[in-house]
Number of protein chains: 2
Amino acid sequence: MNTFTEENYLKAIYHISLQSGSVSTNQIAASLNTKAASVTDMLKKLAEKELINYTKYQGVTLTTAGEKIAICIIRKHRLWEYFLVEKLNFKWDEVHDVAEELEHIASKELIDRLDDFMGHPKYDPHGDPIPDSDGQFKTHELKPVSTLTVNESGIISGVRDHSSAFLQYLERMQLIIGKKIKVTEINNYDHSVILQVENKKTHISREVANNLLIVL
Amino acid sequence: MNTFTEENYLKAIYHISLQSGSVSTNQIAASLNTKAASVTDMLKKLAEKELINYTKYQGVTLTTAGEKIAICIIRKHRLWEYFLVEKLNFKWDEVHDVAEELEHIASKELIDRLDDFMGHPKYDPHGDPIPDSDGQFKTHELKPVSTLTVNESGIISGVRDHSSAFLQYLERMQLIIGKKIKVTEINNYDHSVILQVENKKTHISREVANNLLIVL
DNA sequence: TAATAAATTTAGATTAGTCTAAAATATTAT
DNA sequence: ATAATATTTTAGACTAATCTAAATTTATTA
């Protein structure tokens with residue numbers, strides 16, 4: 001088996017590669033709050049175990065084996081987040097750190113039973129898809145609110161920023177997963193957006209519109 | 001905070017001291033499957049942190065601070081065991097190893113909410129008491145079946161051996177927590193015991209009778 | 001009570017993960 | 001194309017936890 005640290009590196013590489021394809025040493029260091037030198041050491045170790053493809057100075061990609069582990073960790077993370085919110089009444093901005101610990105509990109039996117217990121949820125509390133026990137998952141077609149034009153509408157289905165500051169802001173604004181929104185106005189000057197949410201109007205900045213995701 | 005390893009040492013010291021008062025280096029080494037030399041190193045570290053009272057060659061006891069941590073770990077272990085059995089349908093002989101991992105999740109909030117979720121259970125699946133969030137707990141007066149005389153009866157309420165072999169044996173024999181038993185015969189030669197359990201008679205060895213605990 | 005045995009501690013090494021500072025390589029901009 | 005800059009790697013050191021082997025202390029027993 002792999003150490004917590006190895007698992008965290010694989011997960012970080014997976015997440016970064018979803019956005020930028022190949023992954024650099026510095027990106028990993030930034031994402032894990034560590035130093036580039038430490039990352040290099042770990043990359044050698046992971047390459048030795050054939051969990052990543054690594055050539056000096058050229059960045060890394062996950063091997064099939066490495067990706068499988070990364071997805072397994074993500075499955076665990078998201079199932080635990082779902083559990084914490086749905087069963088233990090945590091708020092969606094409070095669960096990340098605890099799930100970071102829980103995701104490293106090894107037992108596959110545990111996570112599959114937890115999945116059963118909760119009825120095989122497809123999305124976690126932030127709208128991210130939960131891989132099934134074979135690592136399969138489907139993301140719905142998500143678009144930032146900022147890509148909508150006036151009169152277009154959609155259903156809030158995810159976030160691009162998972163920080164608790166952002167999540168708390170959304171909760172305060174009642175911009176919650178599952179709610180239907182409609183763009184009623186876009187400010188030409190600062191690109192801020194006015195939304196119709198149920199019977200209220202809500203004004204959000206371009207930055208918020210960029211980080212709030214909907215399905216049409 | 002303390003490392004997993006430190007927590008495991010404190011827990012081991014706590015458990016051993018319940019049975020034998022003061023705790024020796026070798027007892028700890030045996031209990032943690034490690035070597036006496038490693039234990040000595042850790043004892044110095046724990047003494048440095050004032051979690052144990054330690055004088056060279058004289059064995060150790062927990063300080064108040066150390067005991068508090070040990071009880072907190074035990075609370076977590078037992079609550080998770082309860083969760084695994086009651087909510088996720090694990091068998092009572094399957095939960096120990098997973099709980100050994102789960103008990104090291106730091107969040108106090110998590111464990112208190114888990115406790116709420118399950119309705120503040122007082123005993124874990126093996127009959128061991130679950131400390132409350134202040135570390136308080138009461139053990140019921142447990143006696144081994146082997147201390148009963150003919151015609152005495154009691155309710156199965158705990159075990160002294162937590163090995164899965166023993167737990168599986170008890171399950172197969174339907175000697176399950178909560179069941180009422182009555183001693184109908186004691187064999188003078190090998191001290192084996194015949195029990196009346198519901199409408200069946202069950203014959204158990206002295207060793208089993210020693211490790212099976214009842215309340216009167 | 002001295003000799004032997006058992007338990008414990010010290011000394012010195014090892015592994016995993018991390019770090020800083022310096023060296024090597026890659027990228028960019030003139 | 002080459003100098004300047006940025007990125008990455010290496011070298012060497014540190015901490016936590018472990019180990020074996022040797023030394024020391026305590027306990028036992030003859």
Side-chain angles (χ1 to χ4, degrees), chain A residues 1-14 16-17 19-62 66 69-70 73 100-101 103-106, chain B residues 1-14 16-17 19-62 66 69-70 73 100-101 103-106:
Chain A
M1 246 293 91
N2 309 288
T3 63
F4 284 20
T5 312
E6 287 170 345
E7 291 184 347
N8 282 333
Y9 272 88
L10 293 172
K11 185 173 56 134
I13 294 166
Y14 181 85
I16 297 165
S17 67
Q19 301 184 319
S20 53
S22 174
V23 177
S24 74
T25 301
N26 266 357
Q27 282 177 302
I28 298 169
S31 147
L32 295 175
N33 280 305
T34 184
K35 295 296 150 74
S38 310
V39 174
T40 300
D41 288 344
M42 181 56 86
L43 295 183
K44 285 186 203 158
K45 190 174 159 197
L46 294 173
E48 184 62 38
K49 289 187 161 196
E50 303 195 36
L51 298 174
I52 60 173
N53 306 112
Y54 171 57
T55 32
K56 272 206 222 179
Y57 295 104
Q58 299 311 135
V60 296
T61 56
L62 292 174
I69 294 168
I73 307 292
E100 288 283 295
E101 293 189 60
E103 74 190 8
H104 299 292
I105 306 292
Chain B
M1 247 290 93
N2 309 290
T3 64
F4 284 20
T5 311
E6 288 169 346
E7 292 183 347
N8 283 333
Y9 272 86
L10 294 173
K11 186 174 54 135
I13 294 166
Y14 181 84
I16 297 165
S17 67
Q19 302 185 318
S20 52
S22 175
V23 177
S24 75
T25 301
N26 267 358
Q27 282 177 303
I28 298 169
S31 147
L32 294 175
N33 279 305
T34 185
K35 296 295 148 76
S38 311
V39 174
T40 300
D41 287 345
M42 182 57 85
L43 294 183
K44 284 186 205 159
K45 193 175 157 197
L46 293 173
E48 183 62 38
K49 288 186 162 197
E50 303 194 37
L51 299 174
I52 60 173
N53 306 113
Y54 171 56
T55 33
K56 273 207 224 179
Y57 296 103
Q58 300 310 136
V60 296
T61 56
L62 293 174
I69 293 168
I73 308 291
E100 288 284 295
E101 293 190 59
E103 73 190 9
H104 299 292
I105 305 293

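Reminder, nothing fancy here: chain letters follow the sequence lines and each chain counts from 1.
- Checked against side-chain contact (heavy atoms from CB on, under 4.5 Å), B:Asn26 has the following partners two or more places apart in sequence or in another chain: B:Ser24, B:Ala36.
- Between A:Asn26 and the phosphate of D:dT8, there is a side-chain N or O to OP1/OP2 separation shorter than 4.0 Å.
- An OP1 or OP2 oxygen of C:dT10 is reached within less than 4.0 angstrom by no side-chain nitrogen or oxygen of B:Thr40.
- Under the side-chain hydrogen bond (donor to acceptor under 3.5 Å, both in side chains) criterion, A:Lys35 pairs with no residue, sequence neighbours left out.
- For A:Glu101, there are no side-chain hydrogen bond (donor to acceptor under 3.5 Å, both in side chains) partners at least two apart in sequence or on another chain.
- C:dT15 atom C1' lies 16 Å from atom NZ of A:Lys44, rounded to whole Å.
- Among all heavy-atom pairs drawn from A:Ala70 and A:Leu10, the shortest one is CB-O, 3.8 Å.
- Residue A:Tyr54 has no polar side-chain atom (N or O) positioned under 4.0 Å from OP1 or OP2 of D:dT8.
- The side-chain hydrogen bond (donor to acceptor under 3.5 Å, both in side chains) search around A:Thr3 returns none, not counting sequence neighbours.
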- Task: Summarise protein proximity over nucleotides 18-28 of chain D in one line of letters, 5' to 3': B for base, S for sugar-phosphate only, - for none, counting protein heavy atoms closer than 4.0 Å.
- Result: BBBB--BSS--
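- Whole-Å rounding puts the B:Glu48 CD to D:dT15 C1' distance at 15 Å.
- Partners of A:Phe4 according to the side-chain contact (heavy atoms from CB on, under 4.5 Å) rule, which considers only residues two or more places apart in sequence or in another chain, are A:His104, B:Phe4.
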